[in-house]
**Q** 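Below are the structure tokens for one structure; questions will follow.
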Protein chains: 2
Amino acid sequence: MTDQVRVVLVDDHALVRSGVRSEIGHAVDVVGEADDVEGAVEVITTQLPDVVLLDVHLPGGNGPAVIDGVRKAGVETCFLALSVSDAAEDVIAVIRAGARGYVTKAIASADLIAAIGRVASGDAVFSPRLAGFVLDAFAGEIPTSDVDPELDLLTAREQEVMRLLARGYAYKELASRLTISVKTVETHASSVLRKLQLSNRHQLTRWATDRRLI
Amino acid sequence: MTDQVRVVLVDDHALVRSGVRSEIGHAVDVVGEADDVEGAVEVITTQLPDVVLLDVHLPGGNGPAVIDGVRKAGVETCFLALSVSDAAEDVIAVIRAGARGYVTKAIASADLIAAIGRVASGDAVFSPRLAGFVLDAFAGEIPTSDVDPELDLLTAREQEVMRLLARGYAYKELASRLTISVKTVETHASSVLRKLQLSNRHQLTRWATDRRLI
DNA sequence: GGTCGGCTCAGGGTTGGCCCTGAGCGGCAT
DNA sequence: ATGCCGCTCAGGGCCAACCCTGAGCCGACC
């Protein structure tokens with residue numbers, strides 16, 4: 001057991017942490033604990049564990065906040081959500097944030113140890129019921145967004161053309177809509193694709209929808 | 001080994017089936033095989049296996065078609081997709097249809113046996129790389145739906161072409177992907193647009209996304 | 001056996017997307 | 001004033017998208 005999996009526990013209840021530690025401590029190397037978001041990010045970024053056992057509900061934020069914080073710190077690790085909650089939205093939220101697994105605290109300790117090992121090796125793991133949630137959740141989701149970095153590469157006119165292009169307008173329609181010539185539209189379109197390093201309007205449509213620009 | 005997991009193999013290559021059977025036969029109970037969609041549905045609905053090992057690409061349809069067929073027959077079982085493909089869309093498609101796992105044929109036999117056991121117990125299982133696909137897909141997907149009204153206007157092949165078209169594949173890519181000529185793709189594409197009374201692929205993309213077909 | 005529908009392919013055509021080059025015009029800054 | 005930049009346009013070229021027609025193969029149905 002020389003190279004055990006290094007684990008950090010994040011849970012706001014000390015009782016839970018010590019319980020988990022005593023259940024899995026013989027099989028993994030618990031290198032740190034935390035009871036809130038700030039502390040979790042700090043411990044994780046200093047200890048650099050293989051796996052983080054992460055409670056979904058925390059003071060000062062929640063599970064996703066921890067994951068985001070660690071990501072922003074440039075640290076790569078695997079998160080396994082460990083929660084009393086089996087509410088679909090908690091599961092989805094933490095998976096979206098980047099957790100690679102989700103088990104409830106009802107899990108047997110041997111199973112938890114196995115789950116940690118699997119997550120550490122890059123696998124995904126879910127409690128049976130939760131697997132259903134996650135997979136079924138492919139039945140209806142729309143996510144995130146933020147600001148626009150490379151959008152500034154485009155001039156005002158180019159952005160205007162870009163939006164209409166992404167929306168599926170033909171060059172001719174677009175030209176009459178902006179009351180410019182088709183040739184001008186082509187020029188702008190070409191510039192847009194070049195600046196965004198895209199090769200055709202389908203990619204542009206995906207690019208724009210990903211960024212909620214249309 | 002009295003109550004082994006009962007498994008049905010679905011793959012269009014006899015060689016693959018016998019190979020898999022010899023690799024896992026000592027650990028699970030292979031109660032049936034099939035090499036196309038129809039046969040698969042029949043074997044599964046009569047044998048009622050615990051787990052179906054399902055190839056994604058089949059004559060007469062594909063993996064999702066088998067899952068749908070079995071569901072419509074009112075039979076509950078667990079599907080584990082076993083494919084050479086690790087294309088994200090294949091993974092997503094079969095997961096959407098209801099598969100509880102997806103592994104590639106590069107898997108070691110011991111791992112496959114373990115995967116079958118986990119799926120049988122209701123767990124979800126993915127090859128490490130594919131776990132990434134599935135979970136990352138939460139970062140930008142729009143899925144499923146219910147039934148299809150005018151979708152029945154399209155033949156099976158046309159639906160296949162339609163999905164890829166709507167997804168933005170060029171005719172040439174689509175042709176090599178389906179291993180048919182570009183001319184055949186054109187013919188199908190033309191039929192699709194005519195039958196759906198659409199005039200180009202942008203409208204098709206919108207049509208398909210509205211109906212959550214892609 | 002004949003018919004019909006689905007899948008496959010071909011020839012030959014028009015239109016549109018996309019690129020490159022080149023160029024005139026107006027604002028704005030060094 | 002000279003030059004950069006954004007907006008406008010044109011010519012000319014390539015290729016992909018889309019259409020129509022026609023045709024061979026095969027399995028299903030009558």
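Chain letters run A, B, ... following the sequence lines, proteins first and then strands; every chain starts at 1. The analysis underlying the following values was restricted to heavy atoms, covering all of them including side chains, and did not include hydrogens, waters or symmetry mates.
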**Q** Grab the N/O contacts between the protein and nucleotides 9-17 of chain D below 3.5 Å, and write none if there aren't any.
**A**
{"from": "dC9(D)", "atom 1": "OP2", "to": "S181(A)", "atom 2": "N", "distance (Å)": "2.6"}
{"from": "dC9(D)", "atom 1": "OP2", "to": "T184(A)", "atom 2": "OG1", "distance (Å)": "3.0"}
{"from": "dC9(D)", "atom 1": "O5'", "to": "T184(A)", "atom 2": "OG1", "distance (Å)": "3.2"}
{"from": "dC9(D)", "atom 1": "N4", "to": "T187(A)", "atom 2": "OG1", "distance (Å)": "3.3"}
{"from": "dG11(D)", "atom 1": "N7", "to": "K183(A)", "atom 2": "NZ", "distance (Å)": "3.3"}
{"from": "dG11(D)", "atom 1": "O6", "to": "K183(A)", "atom 2": "NZ", "distance (Å)": "3.2"}
{"from": "dG12(D)", "atom 1": "O6", "to": "K183(A)", "atom 2": "NZ", "distance (Å)": "2.2"}
{"from": "dA16(D)", "atom 1": "OP1", "to": "K172(B)", "atom 2": "NZ", "distance (Å)": "3.2"}
{"from": "dA17(D)", "atom 1": "OP1", "to": "R201(B)", "atom 2": "NH1", "distance (Å)": "3.3"}
{"from": "dA17(D)", "atom 1": "OP2", "to": "Y171(B)", "atom 2": "N", "distance (Å)": "3.1"}

**Q** In whole angstroms, how far is the C1' atom of dC7(D) from the CG atom of L154(A)?
**A** 15 Å

**Q** Is a donor on one side and an acceptor on the other found under 3.5 Å between the side chain of T45(B) and the backbone of E42(B)?
**A** yes

**Q** Can you tell me if H188(A) touches the phosphate of dC7(D), counting only side-chain N or O atoms and a distance under 4.0 Å to OP1 or OP2?
**A** no

**Q** Less than 4.0 angstrom between a side-chain N/O of S190(A) and OP1 or OP2 of dC18(C), yes or no?
**A** no

**Q** Identify, with sequence neighbours excluded, every residue that meets side chain to side chain donor-acceptor pair (under 3.5 Å) alongside S181(A).
**A** T184(A)

**Q** Report yes or no: does R201(B) contribute a side-chain atom to a donor-acceptor pair with the main-chain N or O of A189(B) at less than 3.5 Å?
**A** no

**Q** May I ask you to verify if any side-chain N or O of R194(B) is less than 4.0 angstrom from the OP1 or OP2 atom of dC19(D)?
**A** no

**Q** May I have the distance from E158(A) (atom CD) to dG6(D) (atom P), rounded to whole angstrom?
**A** 8 Å

**Q** Go through the structure and list residues passing salt bridge (charged side-chain N to carboxylate O under 4.0 Å, His left out) with R157(A), not counting sequence neighbours.
**A** E160(A)

**Q** dC7(D) C1' sits how many Å from K195(A) NZ, rounded?
**A** 11 Å

**Q** What's the CG-C1' distance between L193(B) and dG16(C), to the nearest Å?
**A** 15 Å

**Q** Measure from the side-chain N and O atoms of D55(B) to the backbone N and O of V10(B), and report whether any donor-acceptor pair falls under 3.5 Å.
**A** no

**Q** For dC7(D) and T155(A) - does any side-chain N or O of the residue sit under 4.0 Å from the phosphate oxygens OP1/OP2?
**A** yes

**Q** Rounded to the nearest 0.5 Å, what's the gap from CE on M162(B) to NZ on K195(B)? Could you check?
**A** 11.5 Å

